[in-house]
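Throughout, protein chains are lettered first and strands after them, A, B, ... in sequence-line order, and every chain is numbered starting at 1.
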Amino acid sequence: MALYHTEDQAMLADTARQFMGEEGTIAKQLRHWRDKQCKDGFGHALWKQFAELGFAGILVSESDGGLGMGNVEAGIVLEEIGRNLTPSPFLTSSVMAATAIGAGNDELRGRYLPGLLAGDSVFAVAIDEGPKHRPERIATRAERAGNGFKLTGKKAFVVHGGSADMLVVAARTAGADDDQDGITLFAVPKDAAGLNQDAVRLVDSSMATHVKLDGVQVDADAVIGEVDAGRELLNRVLNAGRVGAAAESVGVAGGAFDMTTTYLKQRKQFGQLIGEFQALQHRASHLYSELEIARASVIKAQQLLDAGSEKAELMVSVAKAKAGKAASLAVKEGVQMHGGIGMTDEYDIGLYMKRDRALAEFMGDMYYHAERVAQLSGY
Amino acid sequence: MSDLDAFRAEIRAWLEENCPAEMREPARSDDDICWGGRKFQFKSEAQKLWMERCAAKGYTVPDWPKAYGGAGMGPAEAKIWREEMNRINARPPLSSFGIWMLGPALLKFGTEEQKIHYLGQIARGEIRWCQGYSEPGSGSDLVSLQTYGEDKGDHWVVNGQKIWTSYANKADWIFCLVRTDKTNKYQGISFLLFDMESPGVSTKPILLISGNSPFCETFFDNVKVPKHQIVGELNRGWDVAKYLLGHEREMISGAGGNDRLNTIGAFAKRNGLEDPLLRAELAMFDVDALAFSAMGEKFLDEIKVGKAHPAQPNMMKYAGTELNKRRHELLMAAGGSAALEWDSEASGGGAKARTWLRTKANSIEGGTSEVMLNVISKRILDLPGA
């Protein structure tokens, strides 16, 4: 398969670019909700529009009423989300939770997918248990109780947890904390007894929660997939989330880069446009190279994932790490090249830097994924 | 079975039958590479057989038209050819500047006579070429070159000096940039082809820090070049040179679209990797290298359908060569003191150290990294005054 978008995908990209460039702009969404101190961190009206365009169900199968597309297409939407810093539950709900629910039985899909497709529901995914991504280790326990399970433990950095109607929770139904086996995924409704969430606003104005599960009682039908055998499904959810976050990072980097090169062509100092200075030209050109390479790694990973290739696992980590490196460089260079104005809240470049930091941590930073590349390569 | 599946089966069967076992191992040194030409001595019977069998089928230049010695493969077929070659680790049957650089330029700018005459010889490995671009004082700033061809009616008389002419002492012919109009800097250069055995041509190898001398100084003293040996228009050699440089940069960047996903960390592990910080650096490098490998694949895919930006080879050259230098720094670190050995048998004649030193030229030859960044600034980013 060629590493560029097909005609259909290019059309989708046009639609997503136009929509996000009109409705998802920084002024209309990110700044608007931030300045209102919105407790969701995003606008529900926009989420409805995502649904109307079909984006909300982009990964949901056609038989369940979705578009039945793949990670390449979800990535196209995410890149435009990144470029405009559009706050939305797309990544957690339409990519990660949808990947999980899609593996559930008829009843579970029937319970949750219609709300997602209509833009009425928001889902969150609760995996991490500390400040760094480490899904190999899951301590949260789920014990059989009554006709269902009782969940006990803590989850951290649950993005949109406070707005979510349902949380996909990875818990341990057997084995020790570091075991690969014995994991089960649960669909935990927001009003389940014993579920407590402390909402926190993050550096990028997005909202996350610290989750406490104090013997949360769920019925047996809350199980997504198989009991004890959820690791494989968890990995699928993680890979979709990682490659999705990488695509969004590329968008963030692209947005910051475009702002910066535009500025280089306008701003005068010492009687010259600063873009005439070779010191800045070379850094901008280097950044361009890194961004192009990151974009290539992301589309490669998306395609391998969609094709079910055994190389996907490695390439997803390459993409998350490389996109993270490139985006981090893009926002740092962006603020520096803007000079003093780049430090002001009024100017958007700093917002890119904040979003990059949050995305970098989400689903594992470049160090985590470089480490994974090493392990998957056998060293 | 689709046409392409049938084609793949045909290629697979042909390779199985015709590629000697000895040619299914990676080349260990420059000696293992078949360069062709009048002076070339085959290292083994298998090497000779492999080249001849491929040449007979047009497989030395699979995507060139059949009329000029190729196999006439389209992009999809050529990709299958590469994949099937990779699958059995087959060595390229013939490597040459004629294939990588001059050939594509002749296909675009050559006359029908030139194509038939030269391309066939290149495809059959009968003629080895060197490139006469750089001069003392004109490295990356090529348009300042001084070698002059004086118009004598039916021929030019060329005088001057070239430098960094790779393998000039082993080449049969040279493709050479020569000033034919002193009044116009850019549009006063012509692209000439001539025999290295022409009276007045002499070469002298340059010893490099690697201890090897793949490059030469080349001198022209009243060399007579017939008029029909010009490629493209008089004084418009820059158009040909620029086109050709695009291919050279692609080649140096190593944009091979290699999908095998090998990592140098895995290599270092086999040599006993124990330092955690080196391991971390190798892992970060492998992230960059695997991402670049995807970029190489994307670049080739986009070139085939005309989607790549015309200046994209400059980006590939820049990123690929910087990456390659880093790779060899890390290989030296992973190798430890064993990698320092300079002429022992165990070290393959100091292959690691010599290769490491050789790679330092990657970001200089074919236009420096700084020049590549200038081109990106100007042609892709459209920055002011760039």
Need one label for [X]: side chain, backbone, both or neither, based on atoms under 4.5 Å from any heavy atom in chain A.
| X | value |
| --- | --- |
| B/Leu273 | side chain |
| B/Leu282 | both |
| B/Glu370 | both |

In sequence, state the C-alpha distance, the side-chain angles, and the governing distance for B/Leu142 and B/Trp238, and then conclude on side chain to side chain contact (heavy atoms under 4.5 Å, CB included).
CA-CA 10 Å; B/Leu142 263 185; B/Trp238 193 236; 3.7 Å; yes
Looking at [options], which has the largest count of heavy-atom pairs under 4.5 Å with chain B?
| options | answer |
| --- | --- |
| A/His369, A/Glu371, A/Gln375, A/Arg283 | A/Glu371 |
| A/Lys325, A/Arg295, A/Gln278 | A/Lys325 |
| A/Ala374, A/Ser289, A/Ser297, A/Ala2 | A/Ser289 |
| A/Gln272, A/Glu290, A/His286 | A/His286 |

Pick one of side chain, backbone, both or neither for [X], based on which atoms fall under 4.5 Å of a heavy atom in chain B.
| X | answer |
| --- | --- |
| A/Phe277 | neither |
| A/Val318 | both |
| A/Leu280 | neither |

For [X], does the [atom1] atom have more than 12 heavy-atom neighbours from other residues, nucleotides or ligands under 6.0 Å away?
| X | atom1 | value |
| --- | --- | --- |
| A/Tyr367 | OH | no |
| A/Gln180 | CD | yes |
| A/Lys132 | NZ | yes |
| A/Gln266 | CD | yes |

What residue in B/Glu302, B/Lys304, B/Arg279 has the most heavy-atom pairs under 4.5 Å with chain A?
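With the most close heavy-atom pairs to chain A, the winner is B/Arg279.
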Using a 4.5 angstrom heavy-atom cutoff, name the option from B/Ala319, B/Ala291, B/Ala280, B/Ala289 with the most pairs to chain A.
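Among B/Ala319, B/Ala291, B/Ala280, B/Ala289, the one with the most close pairs to chain A is B/Ala291.
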Consider salt bridge (charged side-chain N to carboxylate O under 4.0 Å, His left out). Of A/Arg372, A/Arg242, A/Lys320, which one does A/Glu313 pass it with?
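Only match with A/Glu313 under salt bridge (charged side-chain N to carboxylate O under 4.0 Å, His left out): A/Arg372.
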Quick check for you: to the nearest 0.5 Å, what is the distance between A/Met1 atom CE and A/Gln302 atom CD?
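Rounded to the nearest 0.5 Å, the CE-CD separation comes out at 11.5 Å.
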Polar side chain donor-acceptor pair, B/Ser369 to B/Glu322, under 3.5 angstrom:
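Their side chains do contain a donor-acceptor pair, which is all the 3.5 Å distance test asks for.
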